[in-house]
Amino acid sequence: MNLGFSALFAQSVEQIKADRNNYIWGEGDGITLKNADQQALSMLISQISTHVESEFSLLHKELQTNGKGDDFKTVCKSVVNSYSSATLKNTERIILKDEPEAKIFRYIKKADVQKIFQERKDKINGFIQNAENALEKTQVADALRYYYWALTLLKSHPNGGEMKYLDKNQKSYPLATWIPLQINNIFVDLDIQISNIDKQDDECIYTLDIKYKNKPAENFDYCYWDGMDYSNLISARNGIGLIELYGMASTAKKLKVKAEYIFEGEARIDRELEDVLAKIDPIPFRNSYYTISLENPMVRKTVSSNVSITSAYTVVDNPKPYEQIIESVLNSIRGKRYATAQNEFTPEGFDVFNRIIRYGNAKLIGDYQLKFIKDHDKVICRSVPMCFNFKTNNKQFVEEIIFHFNKDKKIEALSFGLSKAALDNILLKKVWKERDRMILINFLEHYKTAYALKRLDYIENIFSDDALIITGTLVKAKPNEMNQFKNNRIIKYNRQTKYQYLRNLKSSFASKEYINIKFEDSNIRKAGKGGDIFGVQIKQNYFSSNYGDVGYLFLIVDLNNSDEPIIHVRTWQPKITSNDNLYDLSNFN
């Protein structure tokens with residue numbers, strides 16, 4: 001480094017150190033710049049923590065209530081440190097010496113300290129909005145997750161005790177008491193009953209009917225006490241859940257079910273959130289535990305989640321032949337004699353059937369109501385609930401399986417069904433032809449299934465050779481004098497060829513035990529020309545054994561030939577704030 005600049009920086013550093021009324025600073029030494037910067041940040045964090053610790057009233061009160069008041073300073077510093085992975089790294093930095101005797105100085109104006117915490121406040125409010133939106137659609141797991149994450153981040157904010165919720169009548173409530181009330185209200189409005197019992201020797205399988213305010217819960221995550229320990233986490237869907245008891249446990253008279261609300265695994269999508277969850281003690285909710293009688297349970301019929309789709313389409317007049325075929329297939333699953341049903345499939349259909357069976361030790365659950373719908377000269381059977389169990393993260397998913405028959409009454413394809421919310425978004429498009437809506441539903445269900453089953457062959461076929469593929473990644477913008485902290489997150493977009501995308505996808509598939517995709521809100525528009533060409537903008541929840549994210553998928557798909565859909569554009573991007581622009585058809589006119 002030039003000695004003249006070194007002397008200039010040294011003078012500036014001494015002035016900052018001397019001005020304790022206006023600056024907070026830290027410095028560090030190391031063999032590398034990275035080591036020195038880590039030390040400087042650590043010292044800066046310690047000073048910031050001391051400066052703001054008196055404002056962490058919410059955290060202080062909780063620690064005192066739990067008998068951990070003496071740990072306040074340590075926990076406070078640890079919580080402030082959770083900001084270091086993002087905002088704090090954008091504080092001013094001066095390199096005083098280069099490697100191998102690196103020396104770095106970090107500083108911030110005291111007047112700017114609160115700007116550090118603004119981004120977290122925005123995230124808290126965003127989570128609350130997500131929770132409210134989810135609850136309107138009976139997405140119970142999502143609502144609990146976002147409310148709890150908001151509450152945890154609230155405790156990590158120095159002004160958490162002062163933050164308010166403003167309702168539609170402009171009445172305000174302290175978030176510190178309002179959020180726990182919302183979480184407890186969800187638990188109170190949940191009703192869990194048994195809808196089906198299947199006893200075989202020393203095994204007993206119970207199907208759960210899970211309702212929120214008398215409607216099937218779109219999603220709900222839970223575990224249960226099996227006599228020795230809590231079970232794996234199970235993701236119920238469309239109000240259908242599963243409980244399996246073996247040996248002595250199968251004779252139990254009562255069962256304890258615990259609702260999941262922390263979602264530590266899903267928190268990996270946000271490094272800061274994951275850090276805060278690890279540093280703040282879990283918040284207990286006693287209402288999250290339910291006791292279900294198994295001695296003389298009131299078995300109730302589950303309400304079919306397919307009422308809306310079957311009322312929108314023509315049902316098959318004589319479903320008997322199709323029912324017999326489905327029953328033959330289901331018997332092969334129950335007896336684990338899969339080859340006995342091979343004659344009911346086309347070769348490709350049987351291949352997909354085997355892939356689904358291998359997808360997490362597939363198991364039939366519950367009392368299902370089959371609906372057979374006409375699809376031009378073919379027939380679709382909706383739907384059979386199945387549970388899939390994975391070792392990694394002890395995760396279980398419930399999915400509804402859709403069967404597609406060709407005109408010869410052979411099963412030519414299977415898929416995982418869309419959620420009710422995603423289905424309704426398409427079914428409500430009354431201005432579209434019935435056929436268009438059916439094609440879109442089939443396409444999206446086959447699309448999510450292809451990724452879950454890692455079907456590179458199918459994915460390769462549905463992308464055009466010159467497809468435009470854009471993936472988004474969150475990166476940090478360098479701070480400037482006008483704006484050092486707020487809104488400095490940007491999205492870096494990478495354009496890939498079809499070959500590059502498939503190569504990367506193959507590597508990604510190989511590293512994952514499972515992939516599970518949920519589609520939620522969608523905005524689908526039909527292009528003004530070109531026939532059945534659609535712009536599909538849809539919120540995607542992506543979960544896998546080693547990665548998870550939530551973002552918006554946009555596709556331009558040509559469905560003029562419903563048997564051979566072609567994707568011309570695929571983009572993915574996170575939505576950071578309500579002002580962010582998402583890709584739609586207008587970007588590709």
Side-chain angles (χ1 to χ4, degrees), residues 238 304-335 337-359 362 364-386 388 399-420 422-423 426-427 433-450 452-453 455 457-458 461-462 532 559-565:
N238 290 342
S304 172
S305 61
N306 297 313
V307 173
S308 59
I309 194 167
T310 53
S311 62
Y313 294 101
T314 305
V315 296
V316 175
D317 294 330
N318 178 24
K320 194 69 175 178
Y322 299 99
E323 289 175 347
Q324 292 173 344
I325 293 170
I326 293 296
E327 193 57 35
S328 172
V329 173
L330 300 188
N331 283 335
S332 78
I333 297 174
R334 294 186 186 99
R337 299 185 301 273
Y338 311 117
T340 60
Q342 186 169 356
N343 288 336
E344 312 294 0
F345 296 86
T346 65
E348 183 177 359
F350 192 63
D351 174 63
V352 177
F353 172 70
N354 280 316
R355 288 173 183 260
I356 286 179
I357 292 301
R358 295 195 301 269
Y359 178 75
L364 294 169
I365 61 172
D367 184 23
Y368 44 85
Q369 296 178 340
L370 299 179
K371 302 293 181 182
F372 295 91
I373 304 167
K374 289 184 179 179
D375 180 19
H376 201 48
D377 60 347
K378 301 179 181 181
V379 169
I380 297 173
C381 172
R382 304 183 70 93
S383 54
V384 176
M386 296 182 72
F388 302 91
E399 291 281 358
E400 293 188 341
I401 308 302
I402 316 300
F403 295 84
H404 296 256
F405 289 86
N406 64 15
K407 60 184 179 181
D408 298 320
K409 295 187 176 63
K410 295 287 185 180
I411 301 171
E412 63 179 1
L414 299 89
S415 61
F416 294 147
L418 291 177
S419 67
K420 188 176 186 301
L423 279 173
I426 299 174
L427 294 174
K433 298 176 184 176
E434 175 183 316
R435 178 68 177 155
D436 287 346
R437 286 179 284 166
M438 178 67 76
I439 290 172
L440 267 173
I441 290 170
N442 289 346
F443 167 74
L444 287 174
E445 290 182 334
H446 284 303
Y447 181 92
K448 65 168 282 189
T449 306
L453 300 183
R455 291 192 61 193
D457 56 337
Y458 178 87
N461 286 334
I462 63 174
D532 288 334
L559 296 175
N560 282 293
N561 182 346
S562 60
D563 292 327
E564 297 181 5

S.K.: Would you please name every residue forming a side chain to side chain contact (heavy atoms under 4.5 Å, CB included) with Glu323, sequence neighbours left out?
M.R.: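 Counting only residues at least two positions away or on another chain, Glu323 forms a side chain to side chain contact (heavy atoms under 4.5 Å, CB included) with Pro319, Lys320, Phe372.
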
S.K.: I'd like a table of donor-acceptor pairs (distance under 3.5 Å, sequence neighbours excluded) in which one partner is a side-chain atom from residues 409-418, with atom names and distances.
M.R.:
from   : atom 1 : to     : atom 2 : distance (Å)
Lys410 : NZ     : Asn343 : O      : 2.3
Glu412 : OE2    : Lys378 : NZ     : 3.1

S.K.: Distance from Tyr359 atom OH to Ile401 atom CD1, nearest 0.5 Å?
M.R.: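 Going from OH on Tyr359 over to CD1 on Ile401, the span is 9.5 Å.
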
S.K.: Measuring from Ile373:CD1 to Arg382:CZ, what's the distance to the nearest 0.5 Å?
M.R.: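 Reported value, rounded in 0.5 Å steps: 6.0 Å.
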
S.K.: List the atom pairs, with distances to 0.1 Å, where a side-chain N or O of residues 325-332 and a protein N or O form a donor-acceptor pair under 3.5 Å, not counting sequence neighbours.
M.R.:
from   : atom 1 : to     : atom 2 : distance (Å)
Glu327 : OE2    : Arg334 : NH1    : 3.1
Asn331 : OD1    : Arg334 : NH1    : 2.7
Asn331 : ND2    : Glu327 : O      : 3.2
Ser332 : OG     : Val329 : O      : 2.6

S.K.: Pro385 and Ser383: which non-hydrogen atoms are nearest, and at how many Å?
M.R.: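 In terms of heavy atoms, the two residues are closest at CD-O, 3.8 Å.
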
S.K.: Can you list the steps and then say if Met438 with Ile380 is a side chain to side chain contact (heavy atoms under 4.5 Å, CB included)?
M.R.: CA-CA 10 Å; Met438 178 67 76; Ile380 297 173; 3.6 Å; yes

S.K.: One pair to check against side chain to side chain contact (heavy atoms under 4.5 Å, CB included): Leu427 and Ile441. What are the steps and the verdict?
M.R.: CA-CA 9 Å; Leu427 294 174; Ile441 290 170; 4.0 Å; yes

S.K.: Any side-chain heavy-atom pair from Leu370 and Phe403 closer than 4.5 angstrom?
M.R.: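 Result no, sub-4.5 Å side-chain heavy-atom pair not found.
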
S.K.: Please name all residues satisfying side chain to side chain contact (heavy atoms under 4.5 Å, CB included) with Leu440, sequence neighbours left out, ordered by chain then number.
M.R.: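 Only Ile426, Trp432, Ile524, Phe534, Val536, Leu559 meet the side chain to side chain contact (heavy atoms under 4.5 Å, CB included) criterion with Leu440.
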
S.K.: Run the numbers on Glu445 and Leu423 for side chain to side chain contact (heavy atoms under 4.5 Å, CB included), then give the verdict.
M.R.: CA-CA 10 Å; Glu445 290 182 334; Leu423 279 173; 4.3 Å; yes

S.K.: Quick one: list whatever passes ring-ring contact (aromatic ring centres under 6.0 Å, His included) with Phe345, sequence neighbours left out.
M.R.: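 If we apply the ring-ring contact (aromatic ring centres under 6.0 Å, His included) test to Phe345, skipping adjacent residues, the hits are Phe350, Phe353.
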
S.K.: Quick one: does Asp351's side chain have a donor or acceptor within less than 3.5 Å of a partner on Pro347's backbone?
M.R.: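 Answer holds: no.
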
S.K.: First locate atom CD1 of Ile357, then atom CD1 of Ile333, and finally report the distance between them rounded to the nearest 0.5 Å.
M.R.: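 Taking CD1 in Ile357 and CD1 in Ile333, the distance rounds to 4.0 Å.
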
S.K.: Rounded to the nearest 0.5 Å, how far apart are CD1 of Ile439 and CG of Leu444?
M.R.: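 Here the interatomic distance stands at 12.0 Å.
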
S.K.: With side chain to side chain contact (heavy atoms under 4.5 Å, CB included) as the criterion, how do Asp375 and Arg435 come out once you've worked through the C-alpha distance, each side chain's angles and the decisive distance to 0.1 Å?
M.R.: CA-CA 8 Å; Asp375 180 19; Arg435 178 68 177 155; 2.4 Å; yes

S.K.: Please list, chain by chain and in numerical order, all residues satisfying salt bridge (charged side-chain N to carboxylate O under 4.0 Å, His left out) with Glu348, sequence neighbours excluded.
M.R.: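 Expected list: Arg455.
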
